[in-house]
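Take a look at the structure set out below.
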Amino acid sequence: MHVLLPDGKRLELSAGATGADVAAAIGPGLARAALGIRVDGRLRDLQSEVDGGATVAILTSRDAEVIELMRHTLAHVLAQAVREHLVAEGAAPGDVRMGIGPTIEHGFYYDFDLPRSLTPDDLEQIEVRMRAIVAADLPLGRFTLPRVEALERYRTQGDPYKTELIEDLPEGETISFYRQGAEEGVGFTDLCRGPHVPRTGVLPPHFKLTTLAGAYWRGDESRPMLQRIYGVAFTSAEALEEHLWRVDEAKRRDHRKLGAELDIFVLDEDIGPGLPLWLPRGAIMVEEIERLAKEVEARGGYQRVRSPHLSKEQLFLKSGHLPYYEHDMFPAMVLDDVKYYVKPMNCPFHHKIFAARPRSYRDLPLRLAEYGTCYRYEDHGALMGLLRVRSMQMNDAHIYCTPEQFEAEFLKVIGLYLEYFELFGIDSYVMRFSKHAPEGLGKKYVDEGELWRSTEDMVRRALVAGDVSFYEADDEAAFYGPKIDVQIKSAIGREFTLATNQVDFVQPGRFDLHYVDEHGERKTPLCIHRAPLSTHERMVGFLIEHYGGDFPLWLAPEQVRIVPIADRHLPYADEVAEALRAVGLRAEVDGGNDRMNAKVRAAELYKVPYIAVVGDKEHDARTVSFRSRREEARNGIDLEAFTSHLREQVATRASNVTPIA
RNA sequence: GCCAAUGUAGCUCAGCGGUAGAGCAGCCGAUUCGUAAUCGGCAGGUCGUCAGUUCAAAUCUGACCAUUGGCUCCA
């Protein structure tokens with residue numbers, strides 16, 4: 001047989017040749033340096049047999065992708081270290097059970113079922129053992145076993161996890177193991193698909209165990225909770241340093257930290273978890289977002305409505321929330337044998353508004369908007385600052401339309417997202433087409449298999465017609481229909497849904513909503529739920545991180561801080577503030593008895609976009625001297641010119657500032 | 001909800017068996033100063049809560065509450 005090399009050369013090999021054989025055939029130097037191979041674009045290890053006719057590239061430490069092999073092998077080294085660590089203190093080897101240990105972005109993890117809980121101290125000691133295993137330069141050997149023997153191997157060890165993994169492998173699948181250490185019983189052997197580096201000695205020292213966490217076996221909350229150890233690994237010290245620096249930098253942008261420093265919101269134990277208080281500065285931001293939404297929606301033909309926070313049980317029975325969404329609702333309050341619930345969503349109320357009078361096809365599409373505050377009983381452990389709360393103001397609207405109008409309306413909503421994202425300069429996001437999973441019918445999802453499929457097809461057609469790029473995800477839908485979720489990452493790298501756009505083929509029918517079409521027939525409308533600005537809590541939380549607290553002028557809680565140089569300049573400072581406030585700008589005077597330098601520093605730390613210094617020169621000429629976080633500092637700018645410069649930025653909601661003329 | 005860690009003044013943190021400390025912020029006073037910290041003084045805490053151990057608990061133990069890191073879930 002033969003293989004092709006990346007330069008197009010043909011290399012003749014005997015049958016059953018491995019990656020190592022290919023490297024050796026090319027040259028002894030390469031054979032020593034080889035860490036893995038790439039076969040037709042797929043990463044494999046040196047021990048795997050190459051396919052005849054394939055293009056094979058030998059990978060060395062110079063190839064970036066070998067870090068994948070290294071991280072994978074490091075996961076095994078971690079497992080060996082954990083076993084040694086616990087056996088050293090007296091645990092039986094069989095009591096140290098292994099789950100899975102894959103690579104992830106920046107590193108790897110491994111899940112364990114252990115006789116005791118690990119502590120951060122253990123982590124340090126385990127890392128020391130890992131370095132010893134690397135230094136021991138154990139060779140990695142791959143071997144396969146027939147299914148029966150593989151199962152027997154783990155059954156005798158009493159290992160339910162590996163046994164289950166093998167049982168779930170499809171018949172006929174090769175069951176491979178990797179052993180680090182020259183012989184059985186030494187080092188560590190693990191069920192594994194590979195690929196790996198050839199020896200532990202080639203692993204880079206630039207790794208670090210980072211966190212200890214709990215994780216359900218196979219991600220299923222009904223199964224045992226294992227202990228997971230996360231680590232990061234890079235090929236160079238600089239890359240590791242840079243990664244750790246980035247993690248640190250992200251912490252500085254964390255909206256919980258900045259939210260406290262900039263007086264935007266607080267959480268108070270007496271009020272309850274996930275129930276934030278907006279401080280005056282945060283309230284300004286929420287209201288600016290609302291103002292933006294109202295302007296955009298007025299242009300888009302939306303009408304605003306209002307609905308109560310509570311409703312009798314029957315509304316949510318009708319909508320389907322009680323059977324399908326009760327877990328996320330605050331428990332009922334009972335008055336005179338009538339149950340009332342706090343609303344988790346606005347939709348049932350809007351359906352009632354739709355039904356409040358007969359509707360003609362001429363009324364459609366009918367777009368009802370409300371920034372209603374909803375309450376959801378989120379799991380305690382899921383709460384996170386403003387990004388995951390229990391009281392939330394939805395940027396909500398429901399669009400009722402005919403099937404013929406669906407595509408255009410749906411795409412208009414997508415267009416809305418894009419308009420907002422452009423305004424905020426949001427460019428790293430993905431659109432997720434969230435579909436149901438058939439197993440969830442009747443449990444998580446209303447039991448209408450056919451309707452699910454046809455609605456999902458309709459959404460997919462609309463997305464393709466609108467040339468929207470997206471990926472599909474099963475089992476992520478709302479209980480009443482599929483969604484388009486805009487997925488985004490927080491400063492600390494956790495993915496969450498920002499905007500959402502959902503199709504509802506269920507509730508209009510359950511509420512017996514109808515309109516009269518042009519032939520005088522009663523028809524049920526479709527409903528699109530949309531929240532392009534997410535909830536106002538999550539949006540503000542996201543924007544704090546997105547801007548790192550350096551908000552564009554229109555969003556900044558305080559837009560101008562006026563710093564008088566001496567007390568005698570206070571009257572003029574007040575005059576400047578009045579002039580700014582007169583045109584709707586938010587300005588404050590720092591009248592304290594600090595030195596000017598200290599006041600400038602305080603305003604900078606508070607991230608006030610413009611600091612206007614006024615002294616004798618400014619007073620006499622009726623000017624200001626400003627410094628800004630977004631443009632070059634200028635002295636002696638005419639007060640009028642300064643004011644209109646700021647007004648212009650606010651009016652256009654500018655992110656990029658054109659310096660003052 | 002599950003696994004684990006943490007919880008001392010508004011914030012950042014020290015103290016870790018003998019009944020509480022610093023810096024910054026705050027307040028008062030002096031200084032009136034040209035673009036990131038002027039000086040001095042004062043005030044501020046039932047050490048998350050509730051039990052327990054002890055002659056004595058911020059310090060040890062337990063339960064609960066909250067926060068954080070993950071898992072599950074989600075706007």
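As a basis for the values below, the full set of heavy atoms in this structure was taken, side chains included, without hydrogen atoms, waters or symmetry mates. It should be emphasised that the depicted structure is a prediction, and the values quoted were computed from it without experimental measurement. Order of the sequence lines fixes the chain letters, A, B, ..., with proteins taken first and strands second; residue numbering starts at 1 for each chain.
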*Can you find a donor-acceptor pair, distance only, under 3.5 Å between A:E618 side chain and B:rG34 base?*
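Side chain to base: pair present.
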
Identify which nucleotide among [options] has an atom closest to any side-chain atom of [X], counting heavy atoms from C-beta outward.
X      : options                : value
A:T535 : B:rU32, B:rU38, B:rA75 : B:rA75
A:N597 : B:rU38, B:rA75, B:rU67 : B:rU38
A:H380 : B:rA36, B:rU31, B:rA66 : B:rA66
A:M384 : B:rU38, B:rG69, B:rU72 : B:rG69
A:A213 : B:rG29, B:rG70, B:rA75 : B:rG70
A:Y216 : B:rU35, B:rA36, B:rU72 : B:rU72
A:T497 : B:rA75, B:rC74, B:rA36 : B:rA75
A:R388 : B:rG34, B:rA36, B:rA75 : B:rA75
A:E269 : B:rU35, B:rU72, B:rA66 : B:rA66
A:Y230 : B:rG34, B:rC71, B:rA75 : B:rC71

In whole angstrom, give me the gap between the [atom1] atoms of [N] and [M].
N      : M      : atom1 : answer
B:rG48 : B:rA66 : C1'   : 7 Å
B:rU68 : B:rG62 : P     : 24 Å
B:rU54 : B:rC11 : P     : 36 Å
B:rU31 : B:rC39 : P     : 16 Å
B:rG26 : B:rA9  : C1'   : 11 Å
B:rG23 : B:rU32 : C1'   : 27 Å
B:rC60 : B:rC55 : C1'   : 16 Å
B:rU19 : B:rA57 : P     : 11 Å

For [X] and [N], give me the distance from atom [atom1] to atom [atom2], rounded to whole Å.
X      : N      : atom1 : atom2 : result
A:L386 : B:rU67 : CG    : P     : 12 Å
A:L383 : B:rA75 : CG    : C1'   : 13 Å
A:K251 : B:rU68 : NZ    : C1'   : 11 Å
A:R116 : B:rC3  : CZ    : C1'   : 15 Å
A:K607 : B:rA36 : NZ    : C1'   : 13 Å
A:L226 : B:rC3  : CG    : P     : 12 Å
A:H619 : B:rC33 : NE2   : C1'   : 18 Å

*What is the nucleic acid contact for A:D328, judged by heavy atoms within less than 4.0 Å: base, sugar-phosphate only, or nothing?*
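Here A:D328 touches no strand at all.
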
*What does A:N593 touch in the nucleic acid at a heavy-atom separation under 4.0 angstrom: a base, only the sugar-phosphate, or nothing?*
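Base contact.
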
Just N and O in the side chain of [X]: are any of them under 4.0 Å from OP1 or OP2 of [N]?
X      : N      : value
A:R568 : B:rC33 : yes
A:R627 : B:rA36 : yes
A:S117 : B:rA4  : yes
A:R601 : B:rA37 : no
A:K483 : B:rA75 : yes

*Does a side-chain N-to-carboxylate-O contact under 4.0 Å join A:E575 and A:R622?*
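Salt bridge: yes.
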
Is there a donor-acceptor pair under 3.5 Å between the side chain of [X] and the backbone N or O of [Y]?
X      : Y      : result
A:E588 : A:E558 : no
A:S534 : A:L498 : yes
A:K343 : A:P308 : yes

*Can you check ring-ring contact (aromatic ring centres under 6.0 Å, His included) on A:Y429 and A:F421, steps first, answer last?*
CA-CA 10 Å; A:Y429 60 87; A:F421 290 178; 4.8 Å; yes

*Most 5' of A:G272 and A:A499 on RNA chain B, judged by nearest nucleotide*: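 That would be A:G272.
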
_Pick the closest RNA chain B nucleotide for A:A478 and for A:L212 by heavy atoms, then say which residue is nearer the 5' end._
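Residue closer to the 5' terminus by nearest nucleotide: A:L212.
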
*So, do A:H106 and A:H243 have ring centers that fall under 6.0 Å from each other?*
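Centroid distance A:H106-A:H243: below 6.0 Å, so yes.
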
_So that I know where these two stand, are A:F626 and A:F642 an aromatic pair - ring centroids less than 6.0 Å apart?_
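When the ring centroids of A:F626 and A:F642 are compared, they turn out to be within the sub-6.0 Å range.
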
*Note, A:H546 side chain near A:I426 side chain (heavy atom, < 4.5 Å)*: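 When only atoms from C-beta onward are counted, A:I426 and A:H546 do touch, with a gap below 4.5 Å.
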
